[in-house]
Every structure is written in structure tokens, then in C-alpha cells.
2 protein chains.
Amino acid sequence: MRLEGKGAEEGLASAERAARALREAILSGRLPPGAALREAALAAEIAVSRNTFREALRQLAAEGLVVQQLYKGATVRTVSAEDVRDIYIVRRALEQRAVEESALAPEEKFTALDQAAALVEKETGRADWRAAGTASLRFHQALVDLLGSRKINGFFHGVLAQLRLAFAAAPDEAGFQAPWAERDREIYDLLRAGRRTEASLRLSAYLAESERAVLDAVRGAARRSG
Amino acid sequence: MRLEGKGAEEGLASAERAARALREAILSGRLPPGAALREAALAAEIAVSRNTFREALRQLAAEGLVVQQLYKGATVRTVSAEDVRDIYIVRRALEQRAVEESALAPEEKFTALDQAAALVEKETGRADWRAAGTASLRFHQALVDLLGSRKINGFFHGVLAQLRLAFAAAPDEAGFQAPWAERDREIYDLLRAGRRTEASLRLSAYLAESERAVLDAVRGAARRSG
DNA sequence: CTCTCGGGATCGTTCAACAAAATGGACGGC
DNA sequence: GCCGTCCATTTTGTTGAACGATCCCGAGAG
């Protein structure tokens, strides 16, 4: 019987806790892209030793959220226009594949997809655009999950995390309040009805428009800061 | 067993050198799946401190080559039958997508693909099945590279590394000397001729057969050691 | 044979120290 | 005023030792 009562963080190595804390700080925008991650200060903040913090840094670097340069330290990854294009190559590849193969997916994955779409609608309804954006990404994560691959899910999760990084760089940019809810719901309905070709076309249009919006936002942020 | 490297490793953090040395030792089969990675011993062998070695371990764990369990240490990842099925879901998704989108790929990617196919033929010609297997994986890596995505390339590289892990567990198994060279060359020729539908069918058959062979091998290895 | 109970062995983590390199600012030349 | 140089300071990369926590394994009790 263990006495440590720190919720879901028990039984975790403190290096893992440090990685989570850092990941959370980055994805919440508290540590924006480009921010220097000074070991001494941040390690003290998370209450771990510098060595342990460095283990967490290595892990986040391997995940692509952090960039390490020898003797220059670690910084939060900045998302370039080229990165955005790459991200959308991935999205097109995996989401389109998921649509094509959706006939093989088990029923429960569709209900999960339905619930994700409902959440997007709910957050959109209360005009919480940030939450709606997150919910929409979760919908697309659920879409890719139709493929039923752990590895693809993990990979796609990391890629969407980088996309959120791009959002953090340029929040509330024009075009970001696009009608996600209707688009996602529409794609879901077409999928459920087995109209995969139409779903694929709809998804293709959605991704193209989304990519353009994110690219504009990233370019705007680069212009502002460079 | 010496894990030390020498060549072009200047300007690299020694944690990175340690990660490379360990990765190489794992992928070469010198540290087989399931092997315990004792920190003190291996750190001494690579001539780095235990702390530095632990950074390397974290990195390899994030890459999926190593599994860490609290207070039980790190082991080389073992590849289960389910892992193999997952790997082939990834291969089908990415390689098929690459074939479908191949019309958009620039010319130089096709010449790289051609050269990769030639290398498979060369190694097959000298009956070096191990080298031929590696070359064939490189051909399929080049195939996925038609998509032109850094992220997908990196992801796929890691997945194929795990597949090599499965080979390491069960080398020279029946079905592994399958006619890779002809298959790969055939797919390349169909692609170059723009006959994408036929290439897709050929690839599909190839992957199905390959998956079955690897699954049999992994199950055989599990039976031997379980 | 199974269960319990040590006694290593190994892991997870911290700390202090140091070399190497980057950083930033004072200084002087133009 | 502008520019490059030099040097003190900071930060990183790495090490070695230490120590509690936990696992592993074998000896002995039942």
C-alpha cells in the first residue's frame, strides 16, 4: 500500500511527471514556440533535479515538441510554413485513408466519432472557439482511429500537437472561427451513410481550406515577429 | 562486446552518441528483443556516465525501440503478433497512399526508387538474404518518400526499425527468402509506367504475403522461447 | 512444495562539481 | 556613432558519488 496520494501521477517516474508538466506548459501556450527552456529555472519550478529535467527534455525532443542545439539549450519548437505543409500532407494521407477504409471499422469507433462531433457542436454553440478547435482536432483524431492502429494514433497525436503549437503562435487569427462543427458533422454523416467518396471530397475541401487558414496565420505571426 | 563508435560523431552530444550506439546495437541484433539494458554495465561499455546513458534510454523509449518499467529497468522491445499486425496497417496505409499519389512526386524520387530496387536485385543476386531484406525495406522507405513528408519519413523509418526487430527475433525463417527483388522491381515498373491501379494491387498482395510470413516467424519465435 | 524473509543488485533521483561553449557587455579603434 | 575584440558571466553537457526505493533471488521455515 502506497501513501503518496497525488492522483493519476502516482506510480510514475518523476522524469515522466516532468515531461508531462513541460508538455502541458507548451501545449497550453504558457511556453510559446521559440521560448528558451532554461534547465535550472524550469527544473526548480517542477521541483525535480536538473538531470531528471534533462531526461524529460530528451523525451519531448524525440516527440518533436522541443528542439535541442548543442551548448545552446532547448527551445519550444517553432512551426514554420513548411512544417504546416508537412502536417497537412500527414493529415491528408491518414484521414483520407481512414475514410477509404471506414467500412472495415467496428461500430464503437463510429459512436466515438459521433460523440466527438457532438462535442465540437457543443463548444461551438457556446462560442468557445479555443475549446471548439481542440474538440475538432479530437474529432479528426477519432477519424484516424478508424484505422485501428496504435502506432498511427500515436504518430497522429504528435502531429496534431504540433498543429496546436501553430495555433498558440497565432491565436484568434482570421479564418479560425470557420464552421468546424458543420464540416465535421457533415463528414460524419456521409461516413455513417457509407457514402465514402463524398466524404472523401468533403474532407479534401476541409483540409485544403484549413491548411490555407493555418498557413496565413503562421505567415502573419512570422511577419509580426520577424 | 564493444559499443563504442568513432567516425563522424564529432559535434554530437555524448548522450546522442550513446543513443546511436545503443540503437545500432539493438538493430544489429547484438542486443536482442527482451534483453535487459543494465545501466551501469552498458554505460561503462559506451564510456558515458549513467546519467547520460539514461538520457539515451529515454530517447530510445520515445522512439519505441526500448520499453521502460518503473524500478524494473529498460529492455529491448519485443515485437508481438499484434505489433506485427499494427506495423502492416501502417505499411498498407502509407505505401498505398504513396502509390496513389505517385503522379505528383518529382522525378528524382523515382530515380532514387529505381536505385533502391537495383540494390535489392544486387544483394539478392549475391544471395545475401540479410542485406537483401534491408535493401528491400529501403526500397519501401523510398516508396513512402514519394509523399515528400519529413514527418511521415521519420515515422515510417521507426516502424520499419521495429520490423527489423522482429527479423532479429526470428532470422532465416521460412518465407524470408521470398523473391523480394522481382516484387519490388515489378512495383517500380508499374509505377513508372503510371499504372497505379495495378501497382496498388501488386503492393497489396506483396504486403499481405509479407505480413503472413513475419507473423509466422514471430509466432515461431514465441513458441520456441515460451 | 510453497511461503516468507532477508540480502544483494539495480533502479530512480539528487547533488555538487567542472569543462566547454555561448552570451552579453565594456572597451577601444575608426 | 559604428564596429570588432576581449573578457567575465551564464548556461549547457557531463561526470561521479551518494542514497532511498524497489525488485530479484535464494535460504530457511512450515
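By convention in this document, chain letters (A, B, ...) are assigned in the order of the sequence lines, proteins followed by strands, and residues within each chain are numbered from 1.
For the pair A:Glu55 CD and C:dG12 P, the interatomic distance rounds to 8 Å; values are reported in whole Å. When the P atom of D:dT10 is taken as reference, atom CG of A:Leu42 falls 18 Å away, rounded to whole Å. Atoms CZ (B:Arg58) and P (C:dG12) sit 8 Å apart, rounded to a whole Å. Regarding B:Gln68, its CD atom lies at a distance of 7 Å from the P atom of C:dG12, rounded to whole Å. Here the P atom of nucleotide D:dT12 and the CG atom of A:Leu37 are 9 Å apart, to the nearest Å. In this structure, CD of A:Glu39 is placed 6 Å from P of D:dG13, rounded to the nearest angstrom. Regarding A:Phe53, its CZ atom lies at a distance of 16 Å from the P atom of D:dT14, rounded to whole Å. Look at NZ on B:Lys72: it is 15 Å from C1' on D:dA21, rounded to the nearest Å.
Among the atoms of the strands shown, only primed sugar atoms or phosphate atoms (P, OP1, OP2) are found under 4.0 Å from some heavy atom of A:Arg38. Across all strands shown, B:Leu57 has no heavy atoms under 4.0 Å from either base or sugar-phosphate atoms. Residue contacts shown for B:Ala15 are limited to sugar-phosphate atoms, with no base heavy atom under 4.0 Å away. The residue B:Gln69 sits close only to the backbone: its heavy atoms come under 4.0 Å of sugar-phosphate atoms, none of a base.
Checking A:Glu16 against A:Tyr71, the closest nucleotide of DNA chain C that is more toward the 5' end is the one next to A:Glu16. In terms of position on DNA chain C, the residue among A:Val48 and A:Leu70 whose nearest nucleotide sits closer to the 5' end is A:Val48.
The pair A:Glu211-A:Arg92 meets the salt-bridge criterion, with a side-chain N (NZ, NE, NH1 or NH2) lying under 4.0 Å from an Asp/Glu carboxylate O. Using a 4.0 Å cut-off between a side-chain N of Lys or Arg and a carboxylate O of Asp or Glu, A:Glu24 and A:Arg30 qualify as a salt bridge. The residues A:Arg23 and A:Glu63 are annotated as salt-bridged, a charged nitrogen and a carboxylate oxygen being separated by less than 4.0 angstrom. The residues A:Arg38 and A:Glu45 are annotated as not salt-bridged, no charged nitrogen and carboxylate oxygen being separated by less than 4.0 angstrom.
Contact annotation: A:Thr52 does not reach the phosphate of C:dG12 (side-chain N/O to OP1 or OP2, under 4.0 Å).
For D:dT14, the base has no donor-acceptor partner in the side chain of A:Arg54 [N/O atoms by modelled type, under 3.5 angstrom].
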Run the numbers on A:Val144 and A:Asn153 for side-chain contact (heavy atoms from CB on, under 4.5 Å), then give the verdict.
-> CA-CA 7 Å; A:Val144 166; A:Asn153 285 346; 4.2 Å; yes

